[in-house]
> 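Structure incoming, see below.
Please read all numbers here as calculations on a predicted model, not as lab measurements. We name chains A, B, ... by the order of the sequence lines, and we start the count at 1 in each one.
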Amino acid sequence: MISEHPRVRFAPSPTGYLHVGGLRTALYNYLFAKNNNGKFILRIEDTDRNRYVEGAVENLIAALKWVGLEYEEGPDKGGNYGPYMQSERLDIYKKYAQELVAQKKAYYCFCTPERLSQVRDEQQKQGLQPKYDKHCLSLSAEEIEEKLKNNVPYVIRMNIEPDMKIAFEDVIRGSVEFDSNIIDDQVLIKSDGYPTYHLANVVDDHLMKITHVIRGEEWLSSTPKHVLLYDFFGWEKPVFAHLPLLLNPDRSKLSKRQGDVAVEDYRAKGYLKDALVNFVALLGWNAGDDKEYYELEEMVEKFSLERVNKSGAVFNIEKLNWLNAEHLRKKPDEELLSMLKDELEVSKYKGKIFSDKYLLLVIEAMKERVSFVKEYIEKSPYFFEAPEEYDQDVIKKRWKEGSAENILKLAEKFSALQDPVKEDYETALRQTAEELGIGTGKLIHPVRLAVSGVGGGPGLFDILYIIGKDETISRLKRAAEKIKI
RNA sequence: GGCGCGUUCGUCUAGAGGCUUAGGACGCCGCCCUCUCAAGGCGGAGAUCACCGGUUCGAAUCCGGUACGCGCUACCA
């Protein structure tokens, strides 16, 4: 069933941004293509002129690019089966629609929106399935000719025969069957000359030699229409795979109201593309083992449509956060450095100069303690400026009667050190503690507070080494003065 | 309403008739490590596998029904 070199496509309509659900659809298409040595194609389904959004296509492309899902053919890349924007393929759709009309598999319909809604109301009142009543199917050739000549607005509709069973195989769901009686005589060409999704999608998938249609579950119910169209044209059908939906915490379809849905939102919040992709991939797929941390390449190796789940998955931000931390920790320090520098540029420390060497030390110290790049700054501001305030709870817990004198004593000790390294601070501190006749803890904690303003963080001597002797001494003195019990 | 799809710890999931006292991960809690906070290690709580019935020596796994959820039911995709 799976051809040797499959061709799959991600076919979003440009609504303004890339939805995370769309990201997952794109990802599964990509993974499937790469896993099978096939091609991944981007096609823009911009057939609804009312929904046109300025810059949406560029946005979509930028998001895909950021995330690293590279396609071989697409609107900005070209390819042998273009154009890849449906709005540039209008003539093609028209031609195929007319072919169907000639074969009586589709027909012109001149009904006004008013009549349509009247019919619908009537049917609903009688408790019937709202469906077009094939009113225009009985028009004579002359009547049609006449109306066309007089520029009466029209649409072209599919002529669906009643009492048929339309069945197809879905890789994920198995065999699915529909009754043709519930299917409306679907509009193929709208009165503005644009095709509807159904026509454009089938025509393009055929012309672009798409072998596998991998899309969201919301399309499952329209698939019989597509199957019928393939049959009308006498075309070979692609393999269908309908993906489960992504859900809000309350199990409704993932929506903007309940949080961020745009890939760019997550990017702006500081999520790594690797983590987002990893996370989204696991929402509905797994390799059958316990592995949860993935790089793109490994997913490509292991992916298969057969292992995609049937049921919807809640988009659970906590797991995403964990994965982000996991991915962040695996990044080489050099890469972290460049990300941290970018982050500093948009922080309140913009303009302040820190050497790469310094920043690398900060990274080493904080690496295990952050989940996001920006946390290097938020969780350890003391590496970028002296603390202005001291955590009250920590003062209460760690700052005792003689603490101020003790750290001043220590400052004195420190000032005698020559180019101290981590161990030198430690030795000096332990010595001082001994001289003062107190436990090292009694000194360590107040020093930590004095130097960082908080109670947690990397090992104290690492902090001291990083900020340096002069800064350490100055912070100790300042704290001895400022911290009051 | 009709049609379709789905239903295993709070969440993501493993599970393809006996290997299951249903496994892992996130989150939560505890212990260890430790100058603190993390990370890491160990452990714990958490699922009558939606429900009912059937098939079978045996069912989370197969079949039927019910409930619930979601999707579609447009000249939107």
Side-chain angles (χ1 to χ4, degrees), chain A residues 11-15 45-48 50-51 109 111 113 116-117 120 124 127-132 153-157 170 172-174 176-179 181-184 186-198 200-201 215-224 242 244-245 247 249-253 279 282-293 309-323 325 329 365-371 379-380 394 397-398 426 429 439-449 452 454-461 463:
Chain A
S13 59
T15 52
E45 312 230 322
D46 56 343
T47 54
D48 185 356
N50 300 320
R51 280 224 233 166
C109 169
C111 290
L116 256 24
S117 72
R120 222 190 323 265
Q124 254 156 5
L128 294 169
Q129 167 85 7
K131 246 173 83 175
Y132 181 61
Y154 68 89
V155 300
I156 295 179
R157 314 185 84 111
D170 185 287
I172 295 168
R173 284 151 214 288
V176 184
E177 192 181 80
F178 288 83
D179 192 318
N181 291 321
I182 59 140
I183 303 171
D184 205 356
Q186 193 63 50
V187 170
L188 261 20
I189 298 282
K190 301 181 250 187
S191 57
D192 64 3
Y194 277 64
T196 56
Y197 172 88
H198 309 288
N201 194 264
R215 71 215 322 184
E217 193 190 347
E218 67 266 31
W219 294 110
L220 192 59
S221 302
S222 353
T223 306
H242 288 92
L245 260 19
L247 274 23
D250 71 354
R251 305 218 132 250
S252 56
K253 190 176 165 183
F279 175 62
L282 258 20
L283 253 27
W285 171 85
N286 73 84
D289 51 29
D290 288 338
K291 192 172 167 57
E292 304 222 66
Y293 178 91
N309 290 146
K310 295 172 173 62
S311 50
V314 173
F315 192 93
N316 177 219
I317 201 91
E318 257 152 14
K319 195 145 190 177
L320 207 207
N321 292 342
W322 170 73
L323 272 172
R329 274 183 216 118
M366 290 300 292
K367 206 169 184 178
E368 299 294 307
R369 284 162 247 266
V370 298
S371 298
K379 286 198 167 174
S380 53
V394 181
K397 192 171 172 199
R398 307 289 196 189
E426 182 159 7
L429 184 137
T440 48
K442 289 272 181 296
L443 202 45
I444 285 179
H445 293 296
V447 172
R448 172 184 293 284
L449 178 65
S452 72
V454 293
L460 176 65
F461 306 111
I463 298 179

> Which value, in whole Å, describes the distance between the P atoms of nucleotides B:U21 and B:C49?
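Going atom to atom, P in each nucleotide, I get 13 Å.
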> May I ask you to say what A:Gly459 touches in the nucleic acid, namely base, sugar-phosphate or nothing, with a heavy-atom cut-off under 4.0 Å?
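If one applies the 4.0 Å heavy-atom cut-off, A:Gly459 turns out to touch a base.
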> Counting only Watson-Crick pairs (N1-N3 plus N6-O4 or O6-N4) and G-U wobbles (N1-O2, O6-N3), all under 3.5 Å, who is the partner of B:U20?
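Pair assignment: B:U20 / none.
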> Can you tell me the distance, in whole Å, between the CD atom of A:Gln129 and the C1' atom of B:C72?
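Rounded to the whole Å, the gap is 10 Å.
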> Quickly work out the A:Arg157 CZ to B:A74 C1' distance and round it to whole Å.
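One finds 10 Å between C1' of B:A74 and CZ of A:Arg157, rounded.
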> Side chain of A:Phe461, heavy atoms from C-beta onward: which of B:C70, B:C35, B:C12 has the nearest atom to it?
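Nearest listed nucleotide: B:C35.
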> Just to be sure I understand the rule, does A:Glu177 reach a base, reach only the sugar-phosphate, or reach nothing, if contact means heavy atoms closer than 4.0 Å?
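Answer is sugar-phosphate: A:Glu177 comes under 4.0 Å of backbone atoms only.
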> Can you tell me the distance, in whole Å, between the CD1 atom of A:Ile182 and the C1' atom of B:C5?
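Whole-Å distance recorded here is 13 Å.
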> Does a nitrogen or oxygen in the side chain of A:Lys367 sit under 4.0 Å from OP1 or OP2 of B:G40?
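So the side chain of A:Lys367 is outside the cut-off, no N or O lying under 4.0 Å from OP1 or OP2 of B:G40.
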> Below 4.0 angstrom from OP1 or OP2 of B:U13, is there any side-chain N or O of A:Asn309?
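Yes, A:Asn309 has a side-chain N/O under 4.0 Å of OP1/OP2 on B:U13.
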> Taking the C1' atom in each of B:G18 and B:A60, what is the distance between them to the nearest angstrom?
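Per the computed distance, 13 Å lies between those C1' atoms.
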> For B:G4, which nucleotide in any strand shown is its Watson-Crick or wobble partner with both distances under 3.5 Å?
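Matched B:G4 with B:C70 under the 3.5 Å cut-off.
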> Mind checking the P distance from B:U56 to B:C9? Whole angstroms is fine.
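Per the computed distance, 30 Å lies between those P atoms.
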> Between P on B:C26 and CD on A:Glu292, what's the gap in Å once rounded to a whole number?
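Interatomic distance, CD of A:Glu292 to P of B:C26: 7 Å.
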> So for A:Arg369 and B:C37, does any side-chain atom that can act as donor or acceptor lie under 3.5 Å from a complementary atom in the base?
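Such a pair is found, so the answer is yes.
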> Does B:C51 have a Watson-Crick or wobble partner in any strand here, with both distances under 3.5 angstrom, and which is it?
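Base partner found: B:G65.
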> Taking all non-hydrogen atoms of both residues into account, name the closest pair between A:Pro195 and A:Thr47 and its distance.
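That closest heavy-atom pairing would be O-CB, 3.4 Å.
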> Which listed nucleotide (B:A77, B:C5, B:G23) is nearest to the side chain of A:Glu217?
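It is B:C5.
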> Less than 4.5 Å apart, any side-chain heavy atom of A:Ile172 and any of A:Asn309?
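A side-chain contact is absent here, since even the closest heavy-atom pair is not under 4.5 Å.
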> For A:Ser311, report the nucleic acid contact type (base, sugar-phosphate, nothing); a contact means any heavy atom under 4.0 Å.
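Contact class for A:Ser311: sugar-phosphate only.
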> Which nucleotide wins on minimum distance to the side chain of A:Leu116, given the candidates B:G71, B:C75, B:U13?
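Among B:G71, B:C75, B:U13, the one nearest the side chain of A:Leu116 is B:C75.
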> Rounding to a whole Å, what distance do you find between A:Phe178:CZ and B:G71:P?
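About 15 Å, once rounded to whole Å.
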> Base, sugar-phosphate alone, or nothing: which one does A:Gly441 contact when heavy atoms must sit under 4.0 Å apart?
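Nothing, no nucleic acid heavy atom in range.
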> Return the value, rounded to whole Å, for the distance between atom NZ of A:Lys319 and atom P of B:C12.
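Distance check: A:Lys319 NZ to B:C12 P gives 10 Å.
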> Can you tell me how far C1' of B:C72 sits from CD of A:Glu218, to the nearest Å?
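The distance from CD of A:Glu218 to C1' of B:C72 comes to 10 Å, rounded to the nearest Å.
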> Could you check whether A:Thr47 gets within reach of a base, just the sugar-phosphate, or nothing at all, counting any heavy atom under 4.0 Å?
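Sugar-phosphate only.
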> Less than 4.0 angstrom between a side-chain N/O of A:Asn286 and OP1 or OP2 of B:A14, yes or no?
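True: A:Asn286 side-chain N/O within range (under 4.0 Å) of B:A14 OP1/OP2.
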> Tell me whether the count of non-hydrogen atoms from other residues, nucleotides or ligands lying under 6.0 Å of NZ in A:Lys442 goes above 12.
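Not buried by this count: 12 neighbours or fewer within 6.0 Å.
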> For the P atoms, the ones on B:A14 and on B:C57, what distance do you get once it is rounded to whole angstrom?
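Here B:A14 and B:C57 have their P atoms 31 Å from each other.
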> Below 4.0 angstrom, N of the basic side chain to O of the carboxylate: do A:Glu217 and A:Lys310 qualify?
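No, this pair does not count.
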> For nucleotides B:A50 and B:C42, find the distance between their P atoms and express it as a whole number of Å.
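About 31 Å, rounded to a whole number of Å.
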> For A:Val155, which contact category applies under a 4.0 Å heavy-atom criterion: base, sugar-phosphate, or nothing?
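Since a base atom lies under 4.0 Å of A:Val155, the category is base.
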> Can you find a side chain N or O atom of A:Arg448 that sits less than 4.0 Å from OP1 or OP2 on B:U34?
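Looking at the OP1 and OP2 atoms of B:U34, neither is under 4.0 Å from any side-chain N or O of A:Arg448.
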> Can you check the distance between B:C70 and B:C32, where both ends of the measurement are the C1' atom (answer in whole Å)?
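It works out to 46 Å between them.
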> Ignoring the backbone of A:Glu45, work out which of B:C26, B:C75, B:A77 is nearest its side chain.
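My answer, after comparing the listed nucleotides, is B:A77.
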> Are OP1 or OP2 of B:U73 and a side-chain N or O of A:Ser222 less than 4.0 angstrom apart?
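Answer no for this pair, as no side-chain N or O of A:Ser222 is under 4.0 Å from OP1 or OP2.
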> Specify the residue among A:Leu320 and A:Leu220 whose closest nucleotide of RNA chain B lies further upstream toward the 5′ end.
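Comparing both residues, the 5'-ward one is A:Leu220.
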> Looking across every strand, which nucleic acid part, if any, lies under 4.0 Å from A:Val176 by heavy atom: base, sugar-phosphate, or nothing?
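If one applies the 4.0 Å heavy-atom cut-off, A:Val176 turns out to touch the sugar-phosphate alone, with no base involved.
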> With a 3.5 Å limit on both atom pairs, tell me what B:G30 is paired to, counting Watson-Crick and G-U wobble, or say none.
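Pairing partner: B:C42.
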> Using the P atoms only, state how far B:C12 lies from B:U55, rounded to an integer number of Å.
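Result for the P pair: 34 Å, nearest Å.
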> For the residue pair A:Tyr197 and A:Trp219, does the interplanar ring angle fall in the parallel (under 30°), tilted (30 to 60°) or perpendicular (over 60°) class?
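Ring orientation, 0 to 90° scale: parallel.
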> Taking only the side-chain heavy atoms of A:Trp322 (C-beta and beyond), determine which of B:C35, B:A74, B:A25 contains the nearest atom.
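Of the candidates, B:A25 comes closest.
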> Strictly by modelled atom types, are A:His242 and A:Arg215 linked by a side-chain donor-acceptor pair under 3.5 Å?
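Their side chains do contain a donor-acceptor pair, which is all the 3.5 Å distance test asks for.
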> Using heavy-atom distances to pick each residue's nearest nucleotide on RNA chain B, tell me which of A:Ser252 and A:Trp285 is more 5'.
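Taking each residue's closest nucleotide, the earlier one in sequence belongs to A:Trp285.
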> Any base atoms under 4.0 Å from A:Pro458, or only sugar-phosphate, or nothing? Heavy atoms, all strands.
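Here A:Pro458 touches the bases of the nucleic acid.
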> Within the 4.5 Å heavy-atom criterion, are A:Asn321 and A:Lys319 side-chain neighbours or not?
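The answer is no; the side chains never approach within 4.5 Å.
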> Partner lookup for B:C9, please. Criteria are Watson-Crick or G-U wobble with both distances under 3.5 angstrom; report none if nothing qualifies.
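Base partner found: none.
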> Provide the distance between the two C1' atoms, one in B:C37 and one in B:A25, to the nearest whole Å.
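Result for the C1' pair: 24 Å, nearest Å.
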> How close or far is atom P of B:A74 from atom OH of A:Tyr132, stated in whole angstroms?
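Computing the A:Tyr132:OH to B:A74:P distance gives 14 Å.
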> Measure from the side-chain heavy atoms of A:Glu368 and tell me the nearest of B:C35, B:A39, B:C12.
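Of the options given, the side chain of A:Glu368 lies nearest B:A39.
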> Mind checking who B:U56 pairs with, Watson-Crick or G-U wobble, both distances under 3.5 Å?
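Paired with B:U56, as far as the under-3.5 Å criterion goes, is no nucleotide at all.
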> Should the heavy atoms of other residues, nucleotides or ligands under 6.0 Å from NZ of A:Lys397 be counted, would the total exceed 12?
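Counting neighbours around NZ of A:Lys397, 12 or fewer heavy atoms of other residues, nucleotides or ligands fall under 6.0 Å, so no.
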> Testing the basics here: between A:Leu320 and A:Phe279, what is the closest heavy-atom pair and its distance to 0.1 Å?
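Minimum heavy-atom contact is CG-CD2, 3.5 Å.
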